[in-house]
Number of protein chains: 2
Amino acid sequence: MKDLAKFIKALGDASRLAIIHAIGQSSCSVTEIIQKTELSQTLVSFHLRTMRETGIVTTRRDGPFIFYRLTAPELYGLIGELSRVAGFENDIARATPYFEIVNYKRR
Amino acid sequence: MKDLAKFIKALGDASRLAIIHAIGQSSCSVTEIIQKTELSQTLVSFHLRTMRETGIVTTRRDGPFIFYRLTAPELYGLIGELSRVAGFENDIARATPYFEIVNYKRR
DNA sequence: TACACATATGAGTACATACTCATTGAATAA
DNA sequence: TTATTCAATGAGTATGTACTCATATGTGTA
């Protein structure tokens, strides 16, 4: 059974927000996601699995690559709204609304 | 200190969603929240604490009562949007108190 | 004062989750 | 075939979190 709490919980992690930010509203291969987020391959794969299972992302294979995209592209903007509502509007990036939204840490 | 992932994580729990639903866009005393959610006093208090600390709710004392409200009332609608985007509009959650969040109307 | 009511808090527990490392599988090219 | 690249998976660990029970604190009234 689908569960809203579970879905939202799957959004509430810095690494997964970084992945969502990397994907944006188009799509990305896993390799691209790894490069953009600077997270390890294993960790990206680990998170993509739960994001697949909660329906946040869907996949398409193209040769050796697997492309991920948001199942609902509007989700990207909604997370931006959440960020604004949470009071993050004065963070680093008002001009690039969705960049500072994702406050993921670099390694 | 502020952290979007932490904020969203604090939304991703069924008990806390129930509390948010109970509060709605106005405010409620803890006693009212307990009655509406049918959660234990201790558990409600436990969750309200983390919701206070993440800035989801704010409080006002009135005599022996402490009233809680959403710091940002728009959050209520946004959760409805998330629910719709997640594809819950026809979910079994119709029978539960979470339903009204699920069926929040767009502006 | 004493008492009742409203709410918060500390301790303890069981489970969930994020992460790393090592390995495996799947697709392609030489 | 072998080798290479892309991606997923299993095991192990450490931390986080949701919850319960008992207790404490705050507030108003008799």
Side-chain angles (χ1 to χ4, degrees), chain A residues 1-23 27-69 102-107, chain B residues 1 3-23 27-69 96-98:
Chain A
M1 175 173 91
K2 284 186 166 186
D3 182 3
L4 178 59
K6 192 174 178 183
F7 183 85
I8 294 178
K9 187 170 295 186
L11 298 175
D13 177 84
S15 297
R16 288 195 289 269
L17 286 177
I19 291 171
I20 289 173
H21 177 246
I23 295 175
S27 69
C28 270
S29 69
V30 177
T31 296
E32 290 172 312
I33 294 170
I34 291 166
Q35 291 169 351
K36 288 183 178 181
T37 61
E38 302 182 24
L39 300 173
S40 74
Q41 183 266 319
T42 305
L43 187 56
V44 167
S45 224
F46 169 80
H47 283 300
L48 285 174
R49 180 183 193 169
T50 80
M51 294 169 83
R52 258 185 278 126
E53 290 174 353
T54 51
I56 292 174
V57 296
T58 56
T59 64
R60 159 179 65 86
R61 183 180 271 278
D62 186 1
F65 298 96
I66 297 182
F67 284 83
Y68 280 79
R69 66 175 176 83
V102 180
N103 228 354
Y104 64 91
K105 61 181 171 194
R106 303 172 182 276
R107 303 185 308 163
Chain B
M1 178 102 178
D3 183 1
L4 179 59
K6 193 172 178 184
F7 184 85
I8 294 178
K9 188 170 293 184
L11 299 175
D13 176 84
S15 297
R16 288 196 289 270
L17 286 177
I19 290 171
I20 289 173
H21 176 248
I23 294 175
S27 69
C28 272
S29 69
V30 177
T31 297
E32 290 172 312
I33 294 170
I34 292 166
Q35 290 168 352
K36 288 184 177 179
T37 60
E38 299 183 19
L39 300 173
S40 73
Q41 183 267 318
T42 305
L43 186 56
V44 167
S45 222
F46 169 80
H47 283 300
L48 285 175
R49 179 181 193 170
T50 80
M51 294 168 84
R52 258 185 278 128
E53 290 174 352
T54 51
I56 293 175
V57 295
T58 55
T59 64
R60 158 180 66 86
R61 182 179 272 279
D62 186 359
F65 299 97
I66 298 181
F67 283 83
Y68 281 79
R69 67 176 177 81
T96 76
Y98 308 104

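Just so we're on the same page: letters track the sequence lines, and every chain starts at 1. Every heavy atom of this structure was used, including side-chain atoms; hydrogens, water molecules and symmetry mates were not.
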Which atoms of nucleotides 22-30 of chain C (N or O only) lie under 3.5 Å from a protein N or O atom, and what are those distances?
residue	atom	partner	partner atom	Å
C/dA22	N6	A/Thr42	OG1	3.2

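- At D/dT5, none of the side-chain N or O atoms of A/Thr31 fall inside 4.0 Å of OP1 or OP2 (strictly under the cut-off).
- When distances run from any side-chain atom of B/Arg49 to the nucleotides D/dA18, C/dA8, C/dG10, the shortest one goes to C/dG10.
- At C/dC19, one or more side-chain N or O atoms of A/His47 fall inside 4.0 Å of OP1 or OP2 (strictly under the cut-off).
- Counting only distance, with no hydrogens or angles, the side chain of A/Asp13 and the backbone of A/Arg16 share a donor-acceptor pair below 3.5 Å.
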Please list, one pair per line, the donor and acceptor atoms closer than 3.5 Å that link side chains of residues 37-45 of chain B to other protein atoms, with sequence neighbours excluded.
residue	atom	partner	partner atom	Å
B/Thr37	OG1	B/Ile33	O	2.7
B/Thr37	OG1	B/Leu39	N	3.3
B/Ser40	OG	B/Leu43	N	3.1

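- In this structure, the nucleotide among D/dC6, C/dA18, D/dA18 sitting nearest to the side chain of B/Arg16 is D/dA18.
- For A/Ser40, a side-chain nitrogen or oxygen approaches OP1 or OP2 of C/dT20 to under 4.0 Å.
- Note: CZ (B/Arg60) to P (D/dT27) measures 15 Å, nearest angstrom.
- Residues A/Lys36 and A/Ile23 have side chains not in contact (no heavy-atom distance under 4.5 Å, counting atoms from C-beta outward).
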Open item on the list: Please evaluate residues A/Glu53 and A/Arg49 with respect to the criterion salt bridge (Lys or Arg N to Asp or Glu O under 4.0 Å), reporting the C-alpha separation (whole Å), side-chain torsions for both, the decisive distance (0.1 Å), and the verdict.
Closed with: CA-CA 6 Å; A/Glu53 290 174 353; A/Arg49 180 183 193 169; 3.4 Å; yes
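- The interatomic distance linking B/Ile33 (CD1) with C/dA6 (P) rounds to 14 Å, in whole Å.
- Residue B/Tyr68 is in sugar-phosphate contact alone, with no base atom involved, counting any heavy-atom pair closer than 4.0 Å across all strands shown.
- Among the atoms of the strands shown, none is found under 4.0 Å from any heavy atom of B/Thr50.
- If you take CD1 of A/Ile34 and P of D/dT5, they are 14 Å apart, rounded to a whole angstrom.
- When the P atom of D/dT17 is taken as reference, atom NZ of B/Lys9 falls 6 Å away, rounded to whole Å.
- Between the CG atom of B/Leu43 and the P atom of C/dT7 there is a distance of 15 Å, rounded to whole Å.
- Contact of the B/Phe67 side chain with the B/Glu32 side chain is registered, since non-hydrogen atoms from C-beta on lie closer than 4.5 Å.
- In this structure, the side chains of B/Arg60 and B/Tyr68 stay at 4.5 Å or more apart for every pair of heavy atoms.
- Distances from the side chain of A/Leu48 to the nucleotides D/dA18, D/dA8, C/dA18 place D/dA8 closest.
- Atom CD of A/Glu32 and atom P of D/dC6 are 11 Å apart (whole Å).
- A/Thr58 has its side chain out of reach of A/Arg52: every pair of non-hydrogen atoms, C-beta onward, lies at least 4.5 Å apart.
- Nearest to the side chain of A/Ser15, among D/dC19, C/dC19, C/dT7, sits C/dC19.
- Computed from coordinates, the A/Arg52 CZ to D/dA8 C1' distance equals 8 Å when rounded to whole Å.
- Atom-to-atom, CD1 of A/Ile19 to C1' of D/dA8 comes out at 14 Å; the value is rounded to the nearest Å.
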